[in-house]
Amino acid sequence: MTIKGYTQCILALVLVFLLSINCKKGDKTTDAIKIEAQDVNLEEELYRPNFHFTPRANWMNDPNGMFYLNGIYHLYFQYYPNGNVWGPMHWGHATSKDLFHWMEQPIALYPDELGFIFSGSAVVDNNNSSGLGKDGIAPVVAFFTYHDMNGEKEGRMDFQSQAMAFSLDEGMTWTKYEENPVIPNPGIKDFRDPKVIWDENNNQWIMSLAAGNKIVFYSSKNLIDWNFESEFGEGVGAQGGVWECPDLFPLQVNNSEQTKWVLLVSINPGGPNGGSATQYFIGDFDGQEFVPDEDFLIQLEKEKAVWLDYGRDNYAGVTWSNIPESDGRRIGIGWMSNWDYARDVPTYTWRSAMTIPRELRLYKEEGKYCVRSMPVKEFYDFVEKEVEWRSIGLNEFNAVFDMNMNLNSTHLELALKDLKAYTYDLSFYNRQGDSLTVGLDNTQNQFYIDRTASGKVDFSEKFAPARSVYKLNKPLDDIRIQIVLDKTSVEVFVNDGAIVFTELFFPNALLDRCSLISDDTSFNMAYVKLQELKFQN
């Protein structure tokens with residue numbers, strides 16, 4: 001047996017053991033206990049991502065509490081350590097120096113008599129405004145929602161409240177605040193997901209909270225005493241589901257000195273292609289109220305909602321706090337799944353992954369705002385091999401790509417020009433007949449992802465009922481596409497992140513071939529770059 005095979009075998013046995021001791025009577029993990037070691041081996045080889053964060057075992061959803069401090073990125077997440085479906089929520093924890101090599105840490109926050117530990121955020125209190133620091137150590141202060149399951153079952157409205165914890169060892173261990181909750185429930189059923197930022201203009205802390213179908217804002221000088229300021233959102237944007245996981249932050253508009261405020265709001269259901277998704281609003285914030293920009297309101301009236309990602313698998317995304325000013329980036333990450341089928345996807349030792357970290361930038365072109373997201377620059381540090389072509393013909397491209405290739409830790413860039421009223425399908429596939437298609441239809445003015453034939457799709461009727469579509473205003477003369485493939489996920493960035501799609505797929509064998517299919521024989525494939533990525537532990 002090779003060292004790799006021996007390691008996989010040991011890992012499989014460990015995972016089976018962990019699942020067996022965690023599958024308590026009454027947990028909805030009936031399949032997990034039955035997994036054989038060889039099945040775990042296959043799952044690890046075929047489905048465990050190469051460079052997206054996944055927990056070692058069991059259930060994960062929303063990213064929480066993300067901050068940067070002393071060279072370390074901290075990622076917390078909604079976690080159920082006793083099963084592979086949603087259960088009593090904890091905060092899991094992982095750390096990284098480069099945003100891609102993550103080390104899973106001990107569980108950060110456990111449920112207690114006040115409830116489960118739902119989503120939230122964390123800030124570094126550099127000036128010790130909270131008074132929780134000690135011996136010159138600046139505390140890290142986390143905010144989360146207590147979810148009282150008994151209160152929910154009793155039909156009460158006040159079963160969610162906002163609480164805090166603090167850390168004096170840079171987020172490794174936490175002490176819950178003795179006088180929790182710091183914001184009691186005012187009588188709102190869905191009242192959760194506190195995201196706290198430092199408002200430098202007004203020398204105060206601001207908390208954004210999801211409250212049903214709107215966002216409410218609170219202010220504080222000390223992170224402990226909070227004052228209600230205003231609310232935003234009722235009747236605005238997508239309203240097809242509950243609003244969740246807000247994030248408010250300023251961004252400078254490209255090629256200008258102007259700064260606008262971005263408000264991210266996740267919604268479930270009601271996404272552009274079904275289920276969970278994240279919309280955003282552009283406006284101004286004066287320390288009390290968020291007021292949408294007039295041009296953005298015109299844009300919103302036309303589009304009804306403006307989405308951060310048009311794929312089906314990027315939800316609850318929020319951004320890191322305490323990124324140094326010298327860096328200047330706004331970096332976010334999202335949960336790479338969808339509540340429509342997250343409990344049903346065909347992985348059993350673990351459930352869910354995060355998107356790759358992305359930098360968010362704000363653009364305004366022809367009176368229209370766009371939050372563009374692209375892979376963070378660290379992503380390109382892991383390119384091991386690179387091949388590029390210029391002005392390559394369609395037949396030449398297909399001859400190069402229609403062979404066994406490693407397309408499962410891959411970054412592919414294409415620039416297509418002189419496009420006409422045709423369809424252009426970039427298909428990734430294998431000998432088993434599984435295929436994933438990224439396409440542009442210039443006859444119907446659509447960009448899309450089609451995973452309907454991508455392998456295992458019948459575990460949920462909501463997983464692949466149709467292709468996911470972005471409706472274009474007009475046919476495109478040219479297009480730039482960047483595609484990130486990692487075994488069971490595809491992230492597509494069109495025209496420098498102006499359009500983004502993130503989707504899962506579960507092939508029966510790894511995808512190893514690629515073809516571009518079109519009836520147009522005269523378009524110009526101006527640029528192609530294929531990069532193979534390597535992320536060694």
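In this text, all values refer to a predicted model and were calculated from it rather than measured experimentally.
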Is there a donor-acceptor contact under 3.5 Å linking the side chains of Y146 and D112?
yes
Test salt bridge (Lys or Arg N to Asp or Glu O under 4.0 Å) on E244 and R192; report intermediate values, then the result.
CA-CA 7 Å; E244 296 186 308; R192 55 178 176 263; 2.8 Å; yes
Nearest-0.5 Å distance that lies between atom CG in L414 and atom CD1 in I483
6.0 Å
Would you say N64 and S119 are linked by a side-chain donor-acceptor pair, where the criterion is simply a distance under 3.5 Å?
yes
Assess, by modelled atom type and distance only, whether the side chains of E359 and S373 contain a donor and an acceptor separated by less than 3.5 Å.
no
Side-chain heavy atoms of K195 within contact of C245, under 4.5 Å
no
Pairing donors with acceptors under 3.5 angstrom, does anything connect the side chains of D425 and Y448?
yes
Does a side chain donor of either D190 or Q160 reach within less than 3.5 Å of an acceptor in the other side chain?
no
Using a 4.5 Å cut-off on heavy atoms from C-beta on, say whether the side chain of L426 contacts that of C514.
yes
Restricting to ring pair (Phe, Tyr, Trp, His ring centres under 6.0 Å), what partner residues turn up for H93, sequence neighbours left out?
H74, Y76
Is a side-chain donor or acceptor of D512 paired with a backbone partner of L407 at a separation under 3.5 angstrom?
no
Does the side chain of Y380 reach to within under 4.5 Å of the side chain of Q531, using non-hydrogen atoms?
yes
Checking the side chain of D450 only, and the main-chain atoms of T437 only, is there a donor and an acceptor separated by less than 3.5 Å?
no
In Å, rounded to the nearest 0.5 Å, how long is the span from OG of S454 to CZ of F463?
5.5 Å
Exercise: do D247 and Y280 side chains pair donor with acceptor under 3.5 Å:
no
Just wondering, do F506 and F459 contact through their side chains at under 4.5 Å, heavy atoms?
yes
Would you please indicate if the ring centroids of H101 and F382 are separated by under 6.0 Å?
yes
Atom CG in N50, atom NZ in K487: separation rounded to 0.5 Å?
4.5 Å
Roughly how far, to the nearest 0.5 Å, is the OG atom of S266 from the CG atom of D193?
8.5 Å
Determine the minimum heavy-atom distance between D434 and L511, stating which atoms define it.
O-CD2, 4.1 Å
Would you indicate whether the side-chain heavy atoms of I481 and F447 approach each other to under 4.5 Å?
yes
Regarding W339 and N268, do their side chains bring together a donor and an acceptor under 3.5 Å, going by distance alone?
no
Return the orientation label for the F501 and Y310 ring planes: parallel under 30°, perpendicular over 60°, tilted otherwise.
tilted
Sub-4.5 Å side-chain heavy-atom contact between I282 and L251:
no
Is the number of heavy atoms from other residues, nucleotides or ligands within 6.0 Å of CE (M103) greater than 12?
no
Please work out which of the three classes, parallel, tilted or perpendicular, describes the rings of F100 and F535, given edges at 30° and 60°.
tilted
Taking N445's backbone N and O only, do any of them form a donor-acceptor pair with N442's side chain (distance below 3.5 Å, no angle check)?
no
In F53, W335, W59, the residue satisfying ring-ring contact (aromatic ring centres under 6.0 Å, His included) with F77 is F53
Is the shortest heavy-atom distance from the side chain of F379 to the side chain of M374 under 4.5 Å?
no
Exercise: identify the closest heavy-atom pair between G271 and W307:
CA-CH2, 3.9 Å
Sorted by chain and residue number, the salt bridge (Lys or Arg N to Asp or Glu O under 4.0 Å) partners of K456 (sequence neighbours excluded) come out as none
Rounded to the nearest 0.5 angstrom, the CD-CE distance for Q162 and M207 is 6.5 Å
So, the side chain of D486 versus the backbone of F51: is there a donor-acceptor pair under 3.5 Å, distance only?
yes
For atom NZ of K534, decide whether the heavy atoms of other residues, nucleotides or ligands shown that lie under 6.0 angstrom number more than 12.
no
Quick one: does F159's side chain get under 4.5 Å of H147's, heavy atoms only?
yes
N/O donor-acceptor pair under 3.5 Å between Q446 side chain and D441 backbone:
no
Take atom CZ in R361; do more than 12 heavy atoms of anything else shown fall under 6.0 Å from it?
no
Quick one: do the N322 and W320 side chains pair a donor with an acceptor below 3.5 Å?
no
W243 and F281: CA distance, side-chain angles, deciding distance, ring-ring contact (aromatic ring centres under 6.0 Å, His included) verdict:
CA-CA 13 Å; W243 283 21; F281 302 89; 5.7 Å; yes
Flag yes if more than 12 heavy atoms outside E303 fall under 6.0 Å of its CD atom; otherwise flag no.
yes
For the student: nearest non-hydrogen atoms of N430 and L510, plus distance
CB-O, 3.5 Å
Without swapping roles, check the side chain of E231 against the backbone of K214 for a donor-acceptor pair under 3.5 Å.
no
Contact summary for G171 and F67, nearest pair of heavy atoms:
CA-CZ, 4.0 Å
Might you work through the side-chain contact (heavy atoms from CB on, under 4.5 Å) test for F401 and L530, ending with a clear yes or no?
CA-CA 10 Å; F401 279 80; L530 176 66; 4.0 Å; yes
Does M60 offer a backbone N or O that forms a donor-acceptor pair with the side chain of S352 under 3.5 Å?
yes
Is it the case that the side chain of S276 and the backbone of S337 share a donor-acceptor pair, with hydrogens and angles ignored and the cut-off at 3.5 Å?
no
If you apply the rule side-chain contact (heavy atoms from CB on, under 4.5 Å), what do you find for Y315 with N338, and how did you get there?
CA-CA 7 Å; Y315 189 62; N338 190 308; over 6 Å; no
Derivation and outcome, side-chain contact (heavy atoms from CB on, under 4.5 Å), residues L436 and I449
CA-CA 7 Å; L436 174 78; I449 286 182; 4.1 Å; yes
Using modelled atom types and a 3.5 Å cut-off, is there a donor and acceptor pairing between side-chain atoms of R330 and backbone atoms of T319?
no
I'd like to know if the side chain of Q444 reaches the main chain of T423, judged simply by a donor and an acceptor atom lying under 3.5 Å from each other, with no hydrogens or angles considered.
no
Any chance the side chains of N314 and T355 put a donor and an acceptor closer than 3.5 Å?
no
Atom of D340, atom of S460 and distance for their closest heavy-atom approach:
O-OG, 4.0 Å
Walk me through it: do F290 and F285 pass the test ring-ring contact (aromatic ring centres under 6.0 Å, His included)?
CA-CA 5 Å; F290 175 82; F285 185 74; 7.3 Å; no
Looking at OG1 of T95 and CG of L75, how far apart are the two atoms once the value is rounded to the nearest 0.5 Å?
9.5 Å
Inspect the surroundings of NZ in K189 and state if more than 12 heavy atoms from other residues, nucleotides or ligands are less than 6.0 Å away.
no
More than 12 heavy atoms of other residues, nucleotides or ligands under 6.0 Å from CD of E365: is that the case?
yes
In short, F191 meets A211 closest at the heavy-atom pair CD1-CB, 4.3 Å
